[in-house]
Amino acid sequence: MTCILRTRVSAALALALAAAATLCWTEHAAAQAYPARPVKLVLTVPPGGGMDTTARALAARLSQGLGQPVVVENKAGASGLIGTDYVAKAPADGYTLLFMGSSLPMFEASQLVHGRKLPFESGRDFAPVSLLAQAPFVLAVRADSPWRTAAEFVAAARARPGAITYVSSGPGRTDHVAGALFAAAAGLELLHVPYKGLGPALQAIIAGQADVVFGALPAITPHVASGRLKILGVVQGQRVSILPDVPTLAEAVPLPGYEVASWIGVMAPRGTPAPVVQRLNQEIVRLAREPEFARTALRASGLEPVGSTPEQLGAALRFELDKYTRVFRQSPIAVE
């Protein structure tokens, strides 16, 4: 009886080892052959705009590194849900990738808090590949604004509660959340004026119809270069290399726990073979650290190059999801 039992255990072990060996060989073969056809890089925003431009620059250089075309496909709508769900349900073979930003965990947290079930979970349905870059958030005003510093803006806001307006690209968007959290942390009463997109919101500032904007640097940079806007402070906890002389908002007013991050990265559907993820990661990290690409495709647009391990992107996703879950449970802000 013992002999028969041992024989059965040995046979089962042999089958398990054979299956593991087959899986390893299959993944290795997939990595060796990858990519054998064009790769799709899916965006959840319409064509045009900073994120689209960065994605196309990345796709062009990835095409060279991978030896196959990398095609950008825009699937906008429903606060990014359409494109994100599309990639989540795509075959896990490395041929459909998601070019995403930190607005994804913010949106996911809001839906979770408000009891709305999503067809995907970022931590469950995706394989992180790499962070590409960070986009510092800044406080900006018209170039002819009387406020020269963030401290002057704060003093004016305290003197006139509810009279100073800040614009956003829409209710619950990252720029709205950044402004609302700043007002709460600084003890200010600011009037939120939402627009249908950041373009119209910035035009309102330029035209003198509103006062300030809390926006990602890539969107603000062209208007600063043209002399229509000026930056008063950086929203992050520390100064950024792109704007070494611009102080943080925390240098002007105590803001315990206030920091709004904006970053972009690439993810694949869950189950994508590890060697394929590693190949993609190596290419993206290489580009993020390549001086010419970093200068022309990232820093020129107001982005800080990063390049990370898949694990670091996964950790960033979890951190942002946990942070915004706490924020939305304590605040009436809702992402629509």
Side-chain angles (χ1 to χ4, degrees), residues 50-51 54 101-103 105-106 131-158 164-169 173-188 190 192 198 201-202 205-206 210-265 288 294-295 298-306 308 316 319-320 323-324 327:
M51 193 162 181
T54 302
S102 52
S103 59
M106 186 186 75
L131 284 164
L132 175 65
Q134 290 181 325
F137 255 69
V138 297
L139 167 63
V141 298
R142 288 188 311 279
D144 63 353
S145 169
W147 307 318
R148 295 167 298 172
T149 65
E152 290 181 357
F153 159 68
V154 169
R158 284 180 174 159
I164 293 178
T165 57
Y166 75 97
V167 299
S168 78
S169 55
R173 305 295 185 182
T174 309
D175 43 11
H176 172 207
V177 174
L181 294 181
F182 174 80
L188 304 177
L190 303 177
H192 173 228
L198 187 56
L202 292 177
I205 295 285
I206 294 167
D211 298 310
V212 302
V213 61
F214 296 82
L217 185 58
I220 305 297
T221 297
H223 300 290
V224 174
S226 67
R228 292 179 291 184
L229 295 178
K230 63 183 177 183
I231 297 171
L232 299 186
V234 175
V235 170
Q236 290 184 197
Q238 57 186 7
R239 296 193 186 196
V240 296
S241 62
I242 298 174
L243 302 169
D245 298 326
V246 177
T248 68
L249 296 183
E251 292 178 52
V253 58
L255 298 170
Y258 175 66
E259 183 170 351
V260 177
S262 180
W263 42 258
I264 51 178
R295 181 179 65 82
L298 300 178
R299 288 196 173 95
S301 299
L303 293 167
E304 287 269 18
V306 179
S308 76
F319 177 82
E320 294 292 295
K323 178 179 76 175
Y324 283 117
V327 166

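Considering OG1 of Thr149 and CG of Leu232, their distance stands at 7.0 Å, rounded to 0.5 Å. Between the OG1 atom in Thr54 and the CD1 atom in Ile264 there is a gap of 5.0 Å [rounded to 0.5 Å]. Tyr166 OH to Ile205 CD1: the interatomic distance, rounded to the nearest 0.5 Å, is 12.0 Å. Interatomic distance, Leu139 CG to Phe182 CZ, rounded to the nearest 0.5 Å: 6.5 Å. Atom CG in Leu217 sits 12.0 Å away from atom CD in Gln134 (nearest 0.5 Å). Interatomic distance, NZ of Lys230 versus CZ of Arg148, reported as 8.0 Å (0.5 Å rounding).
Shown here for Ser262 and Phe137, the closest heavy-atom pair between the two residues is CB-CE1, 3.4 Å. Closest approach of Phe214 to Ala178, counting heavy atoms only: CB-CB, 4.0 Å. Leu255 approaches Ala250 most closely through the heavy-atom pair CD1-N, 3.9 Å. Taking every heavy atom of both residues into account, Ala135 and Ala216 meet most closely at CB-CB, 4.4 Å. Between Ser168 and Ala201, the closest heavy-atom pair is O-CB, 3.5 Å. Listed here is the closest heavy atom pair of Thr174 and Ser103: OG1-CB, 3.9 Å.
Arg299 places a side-chain heavy atom less than 4.5 Å from the side chain of Pro305. Contact of the Val246 side chain with the Arg239 side chain is not registered, since no non-hydrogen atoms from C-beta on lie closer than 4.5 Å. Under the 4.5 Å side-chain criterion, counting only non-hydrogen atoms from C-beta, Ser301 is not in contact with Thr221. Here the side chains of Leu188 and Ile164 are not in contact, with every heavy-atom distance at 4.5 Å or above. Residues Tyr324 and Val260 form a side-chain contact, since some pair of their non-hydrogen atoms from C-beta on lies under 4.5 Å apart. The shortest distance between side-chain heavy atoms of Ile206 and Leu229 falls below 4.5 Å. Residues Val138 and Leu243 meet the side-chain proximity criterion, which asks for heavy atoms closer than 4.5 Å. Counting only heavy atoms from C-beta outward, the side chains of Asp211 and Trp147 approach each other to under 4.5 Å.
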(request) Any chance you could lay out the side chain to side chain contact (heavy atoms under 4.5 Å, CB included) test for Phe153 and Val212, step after step, and finish with the verdict? (result) CA-CA 9 Å; Phe153 159 68; Val212 302; 3.7 Å; yes
(message) Could you walk me through whether Tyr258 and Val235 satisfy the side chain to side chain contact (heavy atoms under 4.5 Å, CB included) test, starting with their C-alpha distance in whole Å, then the side-chain angles of each, then the deciding distance to 0.1 Å, before giving a yes or no?
(response) CA-CA 8 Å; Tyr258 175 66; Val235 170; 3.5 Å; yes
(request) List the steps and the verdict of salt bridge (Lys or Arg N to Asp or Glu O under 4.0 Å) for Asp144 and Arg142. (result) CA-CA 5 Å; Asp144 63 353; Arg142 288 188 311 279; 3.3 Å; yes
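Ser308 places a side-chain N or O within donor-acceptor distance of the main-chain N or O of Leu131, the cut-off being under 3.5 Å. Checked by atom type and distance alone, the side chain of Glu304 never pairs as donor or acceptor with a backbone atom of Pro136 at under 3.5 Å.
Checked against Glu251 for a side chain to side chain contact (heavy atoms under 4.5 Å, CB included), the options Leu249, Val253, Thr248 give a single hit: Thr248.
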